[in-house]
Amino acid sequence: MNKEIMADFPILEHVIYMDSAATSLTPEPVVEAVAGYYREYNANVGRGVYRFSQLATQNYKAAHQKVAEFIGAKHEGEVIFTKNTTEAINMAAYGLAWQHGDEVVTTLLEHHSNFLPWFKAHEKGVNLRIVKPDMDGVFEVADFEAAISDSTRLVAVTHISNVLGTISPIKELATICNEKGALLLVDAAQSAPHIRIDVAELGCDFIAFSGHKMLGPTGTGVLWVKEPDKMEPTLFGGGMIKEVAVDGYELAAGYERFEAGTPNIAGVIGLGRAVDYLEDAGMDVLGTYEERLAKRLMDGLQELENVHVYGSTKSSERIGVVSFNIVGMNPHDVALQLDKDSDIAVRSGHHCCMPLMNYLGLKDGTVRVSLYLYNTEEEVDKFLVSVETIAKM
Ligand code: ALA
């Protein structure tokens with residue numbers, strides 16, 4: 001399957017790209033959709049009656065619809081476009097009316113973007129409880145049962161760790177949240193690009209993810225909210241109201257009330273095209289393909305001498321986001337060497353997860369390799385040879 005897909009990513013002629021957890025590459029049809037907007041019908045949305053503006057508005061709305069269908073949302077009004085996952089989570093954190101004594105439960109596995117917004121809520125009197133995974137990044141559901149109480153207003157958990165690639169037990173958490181009357185927010189930044197998301201099946205109240213990690217343009221992200229009318233907007237201005245008078249205003253319904261100002265029109269249209277691309281390839285087909293690559297990568301890394309791999313080794317508990325270190329080497333030096341020797345791009349350092357790194361005792365962080373649909377078995381093998389060579393230096 002992969003030759004055809006690779007042809008859509010001409011950048012791959014120059015690099016073995018294994019940093020998709022940071023940002024994915026952009027296929028030609030998405031580049032074309034973005035360029036097509038600028039070349040052919042560049043106009044603002046929801047503000048003009050002329051044809052270009054109507055076409056831009058239609059395509060902008062269609063992108064909401066496509067993303068809604070992609071994640072099994074009931075209505076496009078539940079899908080709010082943001083600039084990234086960070087903005088999406090902040091929008092929820094600032095949009096909920098907190099009361100003194102409310103509690104937020106989060107975890108030590110979180111990216112800073114699903115940690116710092118809750119610290120800010122803590123400064124407003126919200127209590128914070130932090131659940132720890134084991135040293136492989138795997139949670140015990142019982143630890144959440146113990147942490148979630150009647151005072152818990154919200155549980156905020158990553159679906160898949162951006163460091164260890166491990167999968168969190170979201171459905172089980174949804175059941176507990178339901179019993180305790182708590183809201184559930186899922187950071188799906190690392191899951192939405194790789195596994196089929198169905199918000200109803202997951203049973204959550206909020207899902208946040210980034211368009212740029214799933215073949216879309218940078219500057220695109222999504223906050224899905226089950227009941228958008230119960231959340232306050234955090235930005236006020238053009239395009240988000242029904243009526244304004246000198247003594248008051250009435251907010252627009254659905255996503256519009258959260259998308260004040262001129263949005264990232266071209267980006268969002270590109271994201272809609274990225275969703276089409278993933279759907280055409282088939283999320284299930286991609287999932288199976290990536291699983292095979294991830295297994296090859298994990299098995300290969302584990303066999304190498306002087307290489308320490310982090311996170312669960314069970315295929316059922318993880319995806320192809322893998323952290324490792326070479327004994328005695330700084331992770332940045334390993335990443336630089338991979339680039340220099342073999343044109344392999346990986347991320348190194350703390351991966352915006354300092355609390356997790358401290359917990360794992362990894363002061364310099366890790367080297368992180370992350371795979372996507374355009375990677376191949378040959379690339380994984382080249383990567384393994386390159387790591388082996390560096391480990392022997
Ligand atoms: N959140 C992105 C990563 O993990 C940037 O690399």
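Whatever order the structure lists ligands and atoms in, that order sets their numbers, starting from 1. One is the number of the first residue; the rest follow in order along the sequence.
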Are Ile148 and Val141 linked, directly or through other ILVMFWY residues, by side chains that come within less than 4.5 angstrom of each other?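 The answer is yes; both residues are in one hydrophobic cluster.
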Verify the cluster assignment for Leu297 and Val334: are they in a single hydrophobic cluster under the rule of side-chain heavy atoms below 4.5 Å apart?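 Yes, one cluster joins them.
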Tell me which protein heavy atom sits closest to atom 6 (O) of ligand 1, plus the residue, atom name and distance to 0.1 Å.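 That would be Arg347 NH1, 2.5 Å.
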Who's the nearest protein heavy-atom neighbour of atom 2 (C) of ligand 1, and how far?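 So the nearest neighbour among protein heavy atoms is Lys213 NZ, 2.8 Å.
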With a 4.0 Å cut-off on heavy atoms, is Cys352 touching ligand 1?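 No heavy atom of Cys352 comes that close to ligand 1.
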Looking at [X], which atoms of ligand 1 are within less than 4.0 Å of one of its heavy atoms?
X: Arg368; value: 3 (C), 4 (O), 6 (O)
X: Asn162; value: 3 (C), 4 (O)
X: Ala22; value: 2 (C), 3 (C), 5 (C), 6 (O)

Nitrogen or oxygen of His351 less than 3.5 angstrom from that of ligand 1: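 No: no nitrogen or oxygen of His351 is under 3.5 Å from one in ligand 1.
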Under a 4.0 Å threshold between the charged nitrogen and the carboxylate oxygen, would Arg196 count as salt-bridged to Asp284?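 The answer is no: the pair does not qualify as a salt bridge.
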Could you walk me through whether Gln190 and Thr158 pass side-chain hydrogen bond (donor to acceptor under 3.5 Å, both in side chains), step by step? CA-CA 8 Å; Gln190 301 296 343; Thr158 186; over 6 Å; no
Can you confirm whether the side chains of Thr220 and His212 place a donor and an acceptor under 3.5 Å from each other?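 No, His212 and Thr220 have no side-chain donor paired with an acceptor closer than 3.5 Å.
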For the residue pair Tyr372 and Tyr374, is the inter-centroid distance of their aromatic rings smaller than 6.0 Å?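 Close enough - the centres of the two rings lie under 6.0 Å apart.
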